[in-house]
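Here is the structure we will look at, set down as structure tokens.
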There are 2 protein chains.
Amino acid sequence: MTVRLLLADDHRLLREGLRRSMSDAGFDVVGEACDGVEAIQLAGELSPDVILMDVTMPNCDGVEACRQVIDSGVGSRVVMLTMHADQEVLADAIRAGAAGYLTKDCSTREIAEAVRMAAEGDTVLSPQLARSMLDEVRKLDSHAEVDPSQERVVSKREEEVLQLIADGCSTPEVAAQLYISQKTVKNHLASIYQKLDARDRTQAVLQAVRMGIVSLS
Amino acid sequence: MTVRLLLADDHRLLREGLRRSMSDAGFDVVGEACDGVEAIQLAGELSPDVILMDVTMPNCDGVEACRQVIDSGVGSRVVMLTMHADQEVLADAIRAGAAGYLTKDCSTREIAEAVRMAAEGDTVLSPQLARSMLDEVRKLDSHAEVDPSQERVVSKREEEVLQLIADGCSTPEVAAQLYISQKTVKNHLASIYQKLDARDRTQAVLQAVRMGIVSLS
DNA sequence: CACCAATTGGGCCTTCCGACCTATTCAGGA
DNA sequence: TCCTGAATAGGTCGGAAGGCCCAATTGGTG
């Protein structure tokens with residue numbers, strides 16, 4: 001029984017490489033999608049056993065596409081592929097129902113094994129993500145409610161403040177945006193400076209960018 | 001006469017895909033590097049005809065690695081691979097002496113052709129980058145002297161100020177570092193704000209990071 | 001229950017920052 | 001040669017930023 005596989009990645013080079021590797025590994029590559037919307041559509045039309053889905057794609061990102069495919073009930077197992085080992089995205093992907101989460105640092109052999117295991121109902125992950133993955137799964141098992149992405153360095157509110165500053169807001173503007181006083185914003189910032197080992201907002205935002213806490217534009 | 005090819009990309013999946021594709025296309029893949037430093041080292045040891053080099057790599061980015069390979073005089077032609085069609089990076093790559101600049105949206109066939117053409121001394125580029133590439137080449141042809149990375153948005157001095165700020169310096173510290181008065185630093189900053197459409201140092205540094213003017217640690 | 005972290009807010013103070021004004025020197029292009 | 005741009009430096013001024021004190025509430029955790 002060959003595994004029917006759908007590839008979803010916006011980079012043709014990677015798709016072609018995967019198609020060859022996966023075909024050689026004995027999988028039946030039934031289709032390729034170059035964005036999230038196409039992936040969802042093809043998943044519905046082709047009902048593949050497994051979908052190898054890139055996280056970053058145009059139109060609809062991989063995690064959202066994964067969610068929609070799982071929710072649509074076609075029964076496809078989704079293995080996420082990502083460029084970077086991002087804890088946040090991993091957590092999102094697991095919550096979306098992904099059956100695997102691999103970085104593109106993996107070998108084709110590892111990918112092939114992951115696809116095979118996903119097809120058999122197992123959940124697979126990159127070795128370097130094993131621990132956090134297990135933590136996430138444990139949390140899902142123990143208390144099935146959504147947890148605000150564990151191990152946060154700064155609090156939720158502080159993260160909001162940081163993002164607004166990164167978006168170009170001044171202290172008064174952040175206060176207005178969040179409906180709190182300027183003093184509270186300053187307090188949050190002072191707390192952030194301690195946690196991120198920064199001494200001003202510039203360093204705090206840069207550190208947050210390095211740590212992936214905030215996104216730049 | 002087969003073309004001897006070196007692959008440099010930090011993503012093993014992509015490297016393996018490329019190795020297969022390029023081998024099948026008749027190239028002799030003599031080595032693989034997973035970061036910039038390794039790429040430079042292997043280029044020296046193996047003297048490949050062509051190096052397929054990713055732009056974003058650990059240790060030493062592809063553009064810098066390209067520059068060093070070209071400067072080392074091993075005679076290898078460097079074809080850059082990139083995730084995104086970035087004008088700035090393209091310009092840097094061309095200045096660094098790259099023989100080609102392709103996005104990973106290209107097909108393996110296109111990559112193979114690009115490698116072949118690069119080996120023959122031609123310069124190749126992604127279709128969507130053709131125009132800007134030609135403009136860049138024209139500039140290089142018209143005045144062939146070394147210009148300190150022309151089209152600079154901010155001046156050399158302003159760039160130094162920006163980098164120091166990004167490194168965590170305050171205005172007095174920047175002034176001390178550059179042996180100028182605080183007032184001059186402020187003047188530079190005011191000029192930077194205009195040029196980068198920023199209203200404070202935080203925004204200026206973030207914009208500079210986006211534009212690749214400064215590096216974050 | 002007691003404690004802790006998060007979130008909210010206050011006051012006071014010093015320093016920094018950015019806007020706006022001017023000015024000199026010097027190198028390079030029209 | 002004149003003019004522009006870069007780099008240098010000064011002043012003033014209002015607002016922003018950051019340090020350092022403080023306190024109230026809320027929601028968990030031990």
Side-chain angles (χ1 to χ4, degrees), chain A residues 135 138-139 142-208 213, chain B residues 139 142-208 213:
Chain A
D135 290 347
R138 258 198 293 275
K139 280 183 190 165
S142 55
H143 44 91
E145 66 269 318
V146 283
D147 52 357
S149 71
Q150 83 285 18
E151 294 303 307
R152 56 164 69 257
V153 196
V154 296
S155 72
K156 189 167 83 276
R157 199 56 158 173
E158 287 161 358
E159 195 173 310
E160 290 176 25
V161 171
L162 267 174
Q163 186 62 60
L164 284 171
I165 300 232
D167 290 344
C169 293
S170 62
T171 299
E173 287 168 347
V174 172
Q177 287 270 316
L178 298 180
Y179 302 106
I180 55 180
S181 81
Q182 294 189 27
K183 194 62 197 60
T184 303
V185 175
K186 285 184 163 191
N187 286 338
H188 286 316
L189 278 171
S191 171
I192 290 167
Y193 297 153
Q194 278 201 317
K195 292 177 178 176
L196 297 192
D197 190 31
R199 62 171 174 174
D200 54 44
R201 56 191 62 210
T202 303
Q203 288 308 302
V205 170
L206 280 181
Q207 188 60 34
I213 295 173
Chain B
K139 278 181 196 165
S142 56
H143 41 92
E145 67 273 313
V146 280
D147 45 3
S149 72
Q150 82 276 37
E151 296 302 305
R152 58 162 69 257
V153 196
V154 297
S155 74
K156 191 168 82 273
R157 200 56 159 174
E158 287 161 359
E159 196 173 306
E160 290 176 23
V161 171
L162 266 175
Q163 185 62 60
L164 284 171
I165 300 264
D167 289 344
C169 292
S170 62
T171 300
E173 287 168 348
V174 172
Q177 287 271 314
L178 298 179
Y179 302 107
I180 55 180
S181 81
Q182 296 188 26
K183 194 62 199 67
T184 304
V185 175
K186 285 184 160 194
N187 286 338
H188 286 315
L189 278 170
S191 171
I192 289 167
Y193 298 153
Q194 277 201 316
K195 292 176 177 176
L196 297 191
D197 191 29
R199 61 170 175 176
D200 54 43
R201 56 191 64 212
T202 303
Q203 288 308 300
V205 170
L206 280 181
Q207 188 59 33
I213 295 173

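In the text below, chain A, chain B and the rest are named by the order of the sequence lines, each starting its count at 1.
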For [X] and [N], give me the distance from atom [atom1] to atom [atom2], rounded to whole Å.
X      : N      : atom1 : atom2 : result
B:K186 : D:dA7  : NZ    : C1'   : 18 Å
A:K183 : C:dT7  : NZ    : C1'   : 13 Å
B:Q182 : D:dA7  : CD    : C1'   : 17 Å
A:D200 : C:dG18 : CG    : C1'   : 15 Å
B:R157 : C:dT25 : CZ    : P     : 19 Å
B:I165 : C:dC17 : CD1   : P     : 7 Å
B:I192 : C:dG18 : CD1   : P     : 10 Å
A:R201 : D:dG18 : CZ    : C1'   : 9 Å

Can you tell me if [X] touches the phosphate of [N], counting only side-chain N or O atoms and a distance under 4.0 Å to OP1 or OP2?
X      : N      : result
B:K156 : D:dG5  : no
B:S181 : D:dG10 : yes
B:H188 : D:dA9  : no
B:T184 : D:dA7  : no
B:T171 : C:dC17 : yes
B:S191 : D:dA6  : no

Mapping A:E158 and B:R199 onto DNA chain C by nearest heavy atom, which one lands closer to the 5' end?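 On the 5' side of the pair lies A:E158.
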
Are the side chains of [Y] and [X] in contact, using a 4.5 Å heavy-atom criterion?
X      : Y      : value
B:E173 : B:L164 : no
A:K186 : A:T171 : yes
B:V174 : B:L189 : no

Donor-acceptor contact present, side-chain B:Q177 to main-chain B:P172, <3.5 Å: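 No, the answer is negative, given that no donor and acceptor are paired below the 3.5 Å cut-off.
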
Identify, between B:I180 and A:N187, the residue whose nearest nucleotide on DNA chain D lies closer to the 5' end.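 The answer here is B:I180.
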
Do the side chains of B:E160 and B:R157 get close enough for a salt bridge, i.e. N-O under 4.0 angstrom?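 Yes, charged N to carboxylate O under 4.0 Å.
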
